[in-house]
Amino acid sequence: MNEPPAERTCPVCEVRGELVFFEVVEGVTYHRCVACMATLMAPRHWPDPAQERAIYALHDNNPDDSGYRRFLAKVAVPLSEKLEEGMSGLDFGCGPGPALARMLEETGMRVSLYDPLFAPGRSVFERTYHFITCTEVVEHLRQPAIVFRQLDGLLKPGGWLAVMTCFQTDDSRFARWHYRRDPTHIVFYREETLACIAERMKWQLEVPVKDVALFRKPERSVPR
């Protein structure tokens, strides 16, 4: 049966009953939330933790690799323009090679690291930050809405959350899309999805370049 249960809640926007069948690719079923336009791998196809760890271990995130640094500059440059020297940040999901953290430190920022596999120390959750980076992470999240609320709680008023993920833009190319082929990628975001998240979280949203979203937490608390 391709249709998910009518009562199922979208893990991105938490709207209930708006998931519909989208496509089956190579035996893997994907759903679409018609409320936020996220595309979601059916949970029965999610990799287990051991499979995830094995795939992440193959990633080459060398902080000294010039090509990787150019890739990360898509988010590092527009974020840095929002910050002042000496501000503190958190690289959430930093991976085995925290290149982005090093790049921001080179501009005068102080950056803490967190990754459930490679930097699991939880003391980073005991303070708040002027900025949080989340690069090539949100597509792996099983409960994105819960994580976004967690990150909101870690941001100081007026702080920035920088997200980088490959935006899903063309449904006709989804089956052939390179980004879909990574089995640990279980959630795909359109620009509309990010706008929905911003509205739900009462954040401001800027998209300086494709695949990068800068969310700003309001200076004062806004009722949700």
Side-chain angles (χ1 to χ4, degrees), residues 59 61-141 144-167 189 191 193-224:
H59 292 181
N61 297 340
N62 185 347
D64 296 317
D65 182 87
S66 59
Y68 189 47
R69 288 171 71 98
R70 282 194 300 273
F71 170 70
L72 293 175
K74 288 178 59 177
V75 65
V77 171
L79 174 61
S80 295
E81 293 172 351
K82 309 290 187 184
L83 305 177
E84 298 178 6
E85 186 173 349
M87 283 186 167
S88 63
L90 173 66
D91 188 357
F92 183 86
C94 61
L100 181 58
R102 182 184 296 183
M103 292 168 67
L104 292 169
E105 287 172 342
E106 291 168 356
T107 67
M109 306 304 159
R110 295 177 289 114
V111 186
S112 300
L113 305 177
Y114 175 75
D115 189 286
L117 295 178
F118 303 105
R122 299 190 63 81
S123 62
V124 296
F125 299 128
E126 297 172 2
R127 52 190 182 273
T128 56
Y129 302 90
H130 296 102
F131 65 92
I132 299 173
T133 59
C134 198
T135 58
E136 297 297 308
V137 170
V138 295
E139 63 275 8
H140 302 278
L141 299 178
I146 292 175
V147 174
F148 282 123
R149 282 197 295 273
Q150 178 187 27
L151 297 179
D152 181 70
L154 295 172
L155 275 177
K156 296 179 183 291
W160 292 88
L161 169 63
V163 171
M164 184 161 73
T165 187
C166 197
F167 295 177
Y189 302 76
E191 195 167 325
T193 313
L194 299 165
C196 182
I197 292 169
E199 181 178 8
R200 186 172 179 277
M201 297 300 301
K202 306 303 180 185
W203 292 335
Q204 298 171 359
L205 170 64
E206 296 182 22
V207 180
V209 293
K210 182 183 175 296
D211 302 337
V212 173
L214 300 180
F215 298 102
R216 188 171 190 260
K217 182 174 179 174
E219 293 281 357
R220 296 182 179 180
S221 177
V222 178
R224 292 193 189 128

Could you tell me the separation between the [atom1] atom of [X] and the [atom2] atom of [Y], rounded to the nearest 0.5 Å?
X	Y	atom1	atom2	value
Lys217	Leu151	NZ	CG	10.5 Å
Leu155	Leu161	CG	CG	6.0 Å
Asp65	Tyr68	CG	OH	9.5 Å
Thr133	Leu79	OG1	CG	7.5 Å
Met87	Arg110	CE	CZ	10.0 Å
Met164	Leu214	CE	CG	11.0 Å

[X]: which residues meet the side-chain contact (heavy atoms from CB on, under 4.5 Å) condition with it, sequence neighbours left out?
X	answer
Gln204	Arg216
Glu199	none
Ser112	Leu90, Val124, Arg127, Tyr129
Ala73	Val77, Met103

Quick check: do [X] and [Y] have side-chain heavy atoms less than 4.5 Å from each other?
X	Y	value
Glu136	Phe71	yes
Cys94	Leu100	no
Phe215	Asp152	no

Test ring-ring contact (aromatic ring centres under 6.0 Å, His included) applied to [X] - qualifying residues, sequence neighbours left out:
X	value
Phe131	none
His130	none
Tyr114	Phe92, Phe125

For [X] against [Y], the heavy-atom pair lying closest together:
X	Y	result
Lys156	Thr128	NZ-OG1, 3.3 Å
Ala162	Val75	CB-CG2, 3.7 Å
Gly93	Asp115	C-OD2, 3.4 Å
Cys166	Lys210	SG-NZ, 4.2 Å

Using the rule given for side chain to side chain contact (heavy atoms under 4.5 Å, CB included), can you reason through Trp203 versus Ile197, listing the C-alpha separation, both sets of side-chain angles and the distance that settles it, and then say yes or no? CA-CA 8 Å; Trp203 292 335; Ile197 292 169; 4.1 Å; yes

- Quick one: salt bridge (charged side-chain N to carboxylate O under 4.0 Å, His left out) partners of Lys74, sequence neighbours excluded?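 Once residues adjacent in sequence are excluded, the partners of Lys74 under the salt bridge (charged side-chain N to carboxylate O under 4.0 Å, His left out) criterion are Asp211.
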
Glu106 meets the side-chain hydrogen bond (donor to acceptor under 3.5 Å, both in side chains) criterion, sequence neighbours left out, with Arg69

With sequence neighbours excluded, tell me which residues meet side-chain hydrogen bond (donor to acceptor under 3.5 Å, both in side chains) with Thr165.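 Partners of Thr165 under the side-chain hydrogen bond (donor to acceptor under 3.5 Å, both in side chains) test: Glu139, Tyr179.
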
